[in-house]
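Take a look at the structure set out below.
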Amino acid sequence: MKKLLLILAIATGLASAQASNNAASAAPGAAGFPDVLQGDQLRFGNMVVELFGIRAPRPGMICRAGSVEFQCGAAAAQALDRIIENYAVACQQVSVSQLFPMLTECRMGQTDINRLLLRAGWAIVDMNSCDGNPNCLTYLADQAQARENRKGMWMGDLPHELVALAAKPEPIDTDLPGEETDIASNDGAPFNINLAAELEQANKPDKTLLSFLMR
(Lines give C-alpha, C1' and ligand atoms only; values in the text may rest on other atoms or scores of the structure.)
Protein backbone atom coordinates (compact mmCIF):
# COMPACT_ATOMS: atom_id res chain seq x y z
CA MET A 1 0.00 0.00 0.00
CA LYS A 2 2.81 2.37 0.93
CA LYS A 3 4.52 1.56 -2.37
CA LEU A 4 1.31 2.37 -4.27
CA LEU A 5 0.94 5.72 -2.46
CA LEU A 6 4.56 6.55 -3.22
CA ILE A 7 4.05 5.81 -6.93
CA LEU A 8 0.92 8.00 -7.00
CA ALA A 9 2.75 10.82 -5.26
CA ILE A 10 5.62 10.67 -7.76
CA ALA A 11 3.21 10.60 -10.72
CA THR A 12 1.26 13.56 -9.33
CA GLY A 13 4.47 15.50 -8.83
CA LEU A 14 5.65 14.80 -12.37
CA ALA A 15 2.29 15.86 -13.81
CA SER A 16 2.36 19.07 -11.80
CA ALA A 17 5.91 19.84 -12.92
CA GLN A 18 4.99 19.15 -16.55
CA ALA A 19 1.99 21.48 -16.31
CA SER A 20 4.18 24.20 -14.81
CA ASN A 21 6.74 23.79 -17.60
CA ASN A 22 4.05 23.99 -20.26
CA ALA A 23 2.60 27.13 -18.69
CA ALA A 24 6.04 28.72 -18.50
CA SER A 25 6.94 27.86 -22.10
CA ALA A 26 3.63 29.05 -23.54
CA ALA A 27 4.09 32.39 -25.26
CA PRO A 28 1.77 35.22 -24.20
CA GLY A 29 -0.96 36.31 -26.55
CA ALA A 30 -4.63 37.14 -26.88
CA ALA A 31 -7.76 35.74 -28.48
CA GLY A 32 -11.25 36.92 -29.24
CA PHE A 33 -12.92 39.49 -31.48
CA PRO A 34 -10.50 42.44 -31.62
CA ASP A 35 -10.91 46.03 -32.74
CA VAL A 36 -8.73 47.35 -35.56
CA LEU A 37 -6.54 50.28 -34.50
CA GLN A 38 -4.61 50.57 -37.78
CA GLY A 39 -3.56 48.40 -40.69
CA ASP A 40 -1.22 46.21 -38.62
CA GLN A 41 -2.50 46.66 -35.06
CA LEU A 42 -5.35 45.00 -33.15
CA ARG A 43 -6.76 45.64 -29.70
CA PHE A 44 -8.14 42.92 -27.46
CA GLY A 45 -9.71 44.80 -24.56
CA ASN A 46 -6.79 46.66 -22.94
CA MET A 47 -4.12 44.73 -24.86
CA VAL A 48 -2.72 46.05 -28.15
CA VAL A 49 -0.83 43.70 -30.46
CA GLU A 50 1.04 44.35 -33.70
CA LEU A 51 1.21 41.93 -36.60
CA PHE A 52 4.71 40.51 -36.77
CA GLY A 53 6.85 40.82 -39.89
CA ILE A 54 4.79 43.34 -41.84
CA ARG A 55 4.26 47.09 -42.04
CA ALA A 56 0.97 48.67 -43.01
CA PRO A 57 0.71 52.38 -43.80
CA ARG A 58 0.21 54.55 -40.73
CA PRO A 59 -2.73 56.94 -40.37
CA GLY A 60 -2.12 60.02 -42.47
CA MET A 61 0.20 58.36 -44.99
CA ILE A 62 -0.68 59.19 -48.58
CA CYS A 63 -0.70 56.77 -51.51
CA ARG A 64 -0.73 57.94 -55.09
CA ALA A 65 -2.05 56.25 -58.22
CA GLY A 66 -1.48 58.50 -61.20
CA SER A 67 -3.06 61.84 -60.32
CA VAL A 68 -5.20 60.35 -57.53
CA GLU A 69 -4.14 60.68 -53.89
CA PHE A 70 -5.82 58.89 -51.01
CA GLN A 71 -5.35 58.04 -47.35
CA CYS A 72 -3.79 54.60 -47.59
CA GLY A 73 -3.49 54.31 -43.80
CA ALA A 74 -7.26 54.44 -43.52
CA ALA A 75 -7.65 52.07 -46.48
CA ALA A 76 -5.29 49.51 -44.89
CA ALA A 77 -7.21 49.64 -41.60
CA GLN A 78 -10.46 49.14 -43.49
CA ALA A 79 -8.98 46.17 -45.35
CA LEU A 80 -7.90 44.52 -42.08
CA ASP A 81 -11.34 45.18 -40.58
CA ARG A 82 -12.97 43.44 -43.54
CA ILE A 83 -10.61 40.47 -43.25
CA ILE A 84 -11.34 39.76 -39.58
CA GLU A 85 -15.02 40.78 -39.59
CA ASN A 86 -17.12 38.30 -37.59
CA TYR A 87 -14.16 35.93 -37.12
CA ALA A 88 -12.45 34.98 -33.90
CA VAL A 89 -8.75 35.86 -33.94
CA ALA A 90 -5.97 34.21 -31.94
CA CYS A 91 -2.61 35.97 -31.58
CA GLN A 92 0.60 34.62 -30.04
CA GLN A 93 3.84 36.45 -29.34
CA VAL A 94 6.62 35.43 -31.73
CA SER A 95 9.29 38.07 -31.04
CA VAL A 96 10.57 39.92 -27.98
CA SER A 97 12.36 42.60 -30.03
CA GLN A 98 9.37 44.85 -29.35
CA LEU A 99 7.12 44.47 -26.31
CA PHE A 100 4.73 47.43 -26.57
CA PRO A 101 2.77 46.75 -28.63
CA MET A 102 3.54 43.04 -28.54
CA LEU A 103 4.71 41.51 -31.84
CA THR A 104 2.38 38.60 -32.57
CA GLU A 105 1.38 36.14 -35.24
CA CYS A 106 -2.39 36.31 -35.63
CA ARG A 107 -4.63 33.70 -37.19
CA MET A 108 -8.23 32.99 -37.99
CA GLY A 109 -8.28 29.24 -37.59
CA GLN A 110 -5.28 28.13 -39.64
CA THR A 111 -5.20 31.26 -41.81
CA ASP A 112 -2.35 33.72 -41.27
CA ILE A 113 -3.77 37.25 -41.25
CA ASN A 114 -0.38 38.66 -42.28
CA ARG A 115 -0.51 36.75 -45.54
CA LEU A 116 -4.01 37.95 -46.34
CA LEU A 117 -2.95 41.58 -45.88
CA LEU A 118 0.18 41.13 -47.97
CA ARG A 119 -1.73 39.40 -50.78
CA ALA A 120 -4.30 42.19 -50.76
CA GLY A 121 -1.50 44.74 -51.12
CA TRP A 122 -2.23 46.70 -47.95
CA ALA A 123 1.04 45.89 -46.16
CA ILE A 124 4.67 45.23 -47.03
CA VAL A 125 7.24 42.96 -45.42
CA ASP A 126 9.09 44.53 -42.50
CA MET A 127 12.70 43.44 -42.98
CA ASN A 128 13.66 44.77 -39.54
CA SER A 129 11.53 42.26 -37.59
CA CYS A 130 11.01 39.56 -40.21
CA ASP A 131 14.63 39.06 -41.27
CA GLY A 132 15.80 35.57 -40.29
CA ASN A 133 12.31 34.28 -39.53
CA PRO A 134 11.28 31.25 -41.64
CA ASN A 135 7.95 32.91 -42.47
CA CYS A 136 9.75 35.81 -44.11
CA LEU A 137 10.28 34.00 -47.41
CA THR A 138 6.58 33.19 -47.59
CA TYR A 139 5.70 36.80 -46.82
CA LEU A 140 8.05 38.05 -49.53
CA ALA A 141 6.37 35.74 -52.05
CA ASP A 142 2.93 37.06 -51.04
CA GLN A 143 4.19 40.63 -51.39
CA ALA A 144 5.60 39.89 -54.84
CA GLN A 145 2.26 38.44 -55.91
CA ALA A 146 0.40 41.58 -54.84
CA ARG A 147 2.99 43.76 -56.54
CA GLU A 148 2.80 41.87 -59.82
CA ASN A 149 -1.00 42.08 -59.80
CA ARG A 150 -1.01 45.72 -58.64
CA LYS A 151 -3.20 45.06 -55.63
CA GLY A 152 -3.94 47.65 -52.96
CA MET A 153 -1.08 50.14 -52.56
CA TRP A 154 0.73 48.60 -55.52
CA MET A 155 -1.77 50.27 -57.86
CA GLY A 156 0.45 53.32 -57.53
CA ASP A 157 3.27 54.74 -55.44
CA LEU A 158 3.92 53.45 -51.95
CA PRO A 159 4.48 56.12 -49.27
CA HIS A 160 8.21 56.79 -48.97
CA GLU A 161 7.85 56.83 -45.17
CA LEU A 162 6.46 53.30 -45.21
CA VAL A 163 9.24 51.99 -47.43
CA ALA A 164 11.81 53.56 -45.11
CA LEU A 165 10.20 52.00 -42.02
CA ALA A 166 10.17 48.52 -43.56
CA ALA A 167 13.69 48.60 -45.04
CA LYS A 168 16.60 47.19 -43.06
CA PRO A 169 19.30 49.88 -42.80
CA GLU A 170 22.56 48.89 -44.46
CA PRO A 171 25.73 49.02 -42.36
CA ILE A 172 27.79 52.15 -42.89
CA ASP A 173 31.30 51.42 -44.15
CA THR A 174 34.04 53.30 -42.37
CA ASP A 175 36.51 55.15 -44.56
CA LEU A 176 39.93 53.58 -44.89
CA PRO A 177 42.95 55.81 -44.14
CA GLY A 178 44.12 57.76 -47.17
CA GLU A 179 40.86 57.26 -49.10
CA GLU A 180 38.50 60.08 -50.03
CA THR A 181 35.03 60.07 -48.55
CA ASP A 182 32.40 58.77 -50.97
CA ILE A 183 29.35 61.00 -50.90
CA ALA A 184 26.16 58.90 -51.10
CA SER A 185 23.84 59.75 -53.93
CA ASN A 186 20.74 58.99 -51.85
CA ASP A 187 21.35 61.82 -49.36
CA GLY A 188 21.64 59.48 -46.41
CA ALA A 189 18.48 57.49 -47.07
CA PRO A 190 18.46 54.15 -45.17
CA PHE A 191 17.68 52.15 -48.29
CA ASN A 192 18.95 52.00 -51.85
CA ILE A 193 15.87 50.73 -53.66
CA ASN A 194 12.94 53.09 -54.15
CA LEU A 195 9.98 50.79 -54.71
CA ALA A 196 7.71 53.68 -55.54
CA ALA A 197 10.03 54.95 -58.29
CA GLU A 198 10.06 51.52 -59.92
CA LEU A 199 6.31 51.80 -60.40
CA GLU A 200 6.41 55.31 -61.87
CA GLN A 201 6.23 54.08 -65.46
CA ALA A 202 3.24 51.88 -64.69
CA ASN A 203 1.18 54.52 -62.87
CA LYS A 204 -2.18 55.13 -64.52
CA PRO A 205 -5.55 56.10 -63.02
CA ASP A 206 -7.30 52.89 -62.11
CA LYS A 207 -11.09 52.53 -62.03
CA THR A 208 -10.78 49.81 -59.41
CA LEU A 209 -9.11 52.30 -57.08
CA LEU A 210 -11.88 54.86 -57.58
CA SER A 211 -14.55 52.24 -56.95
CA PHE A 212 -12.76 51.17 -53.75
CA LEU A 213 -12.65 54.72 -52.45
CA MET A 214 -16.35 55.26 -53.18
CA ARG A 215 -17.41 52.30 -51.04
Side-chain angles (χ1 to χ4, degrees), residues 10-61 72-146 152-153 159 161-169 190:
I10 294 174
T12 302
L14 290 174
S16 177
Q18 183 65 36
S20 298
N21 289 336
N22 290 340
S25 62
F33 297 87
D35 296 318
V36 174
L37 295 184
Q38 55 188 44
D40 54 10
Q41 287 188 2
L42 300 172
R43 181 176 62 201
F44 295 84
N46 294 326
M47 177 181 289
V48 177
V49 303
E50 186 166 300
L51 300 180
F52 167 77
I54 67 172
R55 284 279 187 179
R58 298 291 186 257
M61 286 188 178
C72 51
Q78 184 179 7
L80 178 57
D81 190 58
R82 289 179 177 178
I83 287 173
I84 68 171
E85 184 178 11
N86 298 324
Y87 287 95
V89 176
C91 299
Q92 188 172 36
Q93 185 180 29
V94 294
S95 174
V96 295
S97 62
Q98 173 184 306
L99 299 179
F100 304 101
M102 182 190 302
L103 288 176
T104 61
E105 182 181 76
C106 296
R107 295 178 175 272
M108 299 181 302
Q110 298 300 315
T111 303
D112 188 340
I113 294 176
N114 290 16
R115 298 192 64 188
L116 295 180
L117 271 174
L118 288 168
R119 288 179 179 180
W122 292 112
I124 61 177
V125 177
D126 180 11
M127 296 308 301
N128 292 287
S129 64
C130 190
D131 189 26
N133 188 281
N135 287 338
C136 196
L137 292 178
T138 302
Y139 291 166
L140 287 170
D142 292 328
Q143 175 178 279
Q145 182 181 14
M153 295 182 293
E161 308 96 322
L162 178 64
V163 177
L165 284 173
K168 188 173 184 179

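Because only heavy atoms are used, hydrogens play no part in the values below, and waters and symmetry mates are left out as well, while side chains stay in. The model shown is predicted, which means the values in this text are computed figures rather than measured ones.
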Which residues share a side-chain hydrogen bond (donor to acceptor under 3.5 Å, both in side chains) with D112, sequence neighbours left out: Y139

Under the side chain to side chain contact (heavy atoms under 4.5 Å, CB included) test, residues paired with T111 that sit two or more places apart: L116

A30: side chain to side chain contact (heavy atoms under 4.5 Å, CB included) partners, not counting sequence neighbours: F44, M47

Considering all heavy atoms, the nearest [X]-[Y] contact:
| X | Y | value |
| --- | --- | --- |
| W122 | A76 | O-CB, 3.7 Å |
| I124 | A166 | CD1-CB, 3.6 Å |
| G39 | L51 | O-CD1, 4.4 Å |
| C136 | V125 | SG-CG1, 4.0 Å |

Main-chain N/O of A167 paired to N128 side chain as donor or acceptor, under 3.5 Å: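 Yes, N128 side chain to A167 backbone: donor-acceptor pair under 3.5 Å.
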
Review item, side-chain donor-acceptor pairs of residues 100-110, under 3.5 Å, at least two apart:
from : atom 1 : to   : atom 2 : distance (Å)
T104 : OG1    : E50  : O      : 3.4
E105 : OE1    : R107 : NE     : 3.4
E105 : OE2    : N135 : ND2    : 3.0
R107 : NH1    : Q110 : O      : 2.9

D81: salt bridge (charged side-chain N to carboxylate O under 4.0 Å, His left out) partners, not counting sequence neighbours: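 By the salt bridge (charged side-chain N to carboxylate O under 4.0 Å, His left out) rule, D81 matches no residue at all.
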
Interatomic distance, L37 atom CG to L42 atom CG [nearest 0.5 angstrom]: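 It is 7.5 Å, given to the nearest 0.5 Å.
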
CG on L80 to CD1 on I113, rounded to 0.5 Å: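 One gets 6.5 Å once the value is rounded to the nearest 0.5 Å.
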
Enumerate, atom names and distances included, each donor-acceptor pair closer than 3.5 Å involving a side-chain atom of residues 52-61, sequence neighbours excluded.
from : atom 1 : to   : atom 2 : distance (Å)
R55  : NE     : D126 : OD2    : 3.4
R58  : NH1    : D40  : OD1    : 3.3
R58  : NH1    : D40  : OD2    : 2.9
R58  : NH1    : A56  : O      : 3.2

Non-hydrogen side-chain atoms of M127 and L140 separated by less than 4.5 Å: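 SC-SC contact between M127 and L140 confirmed.
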
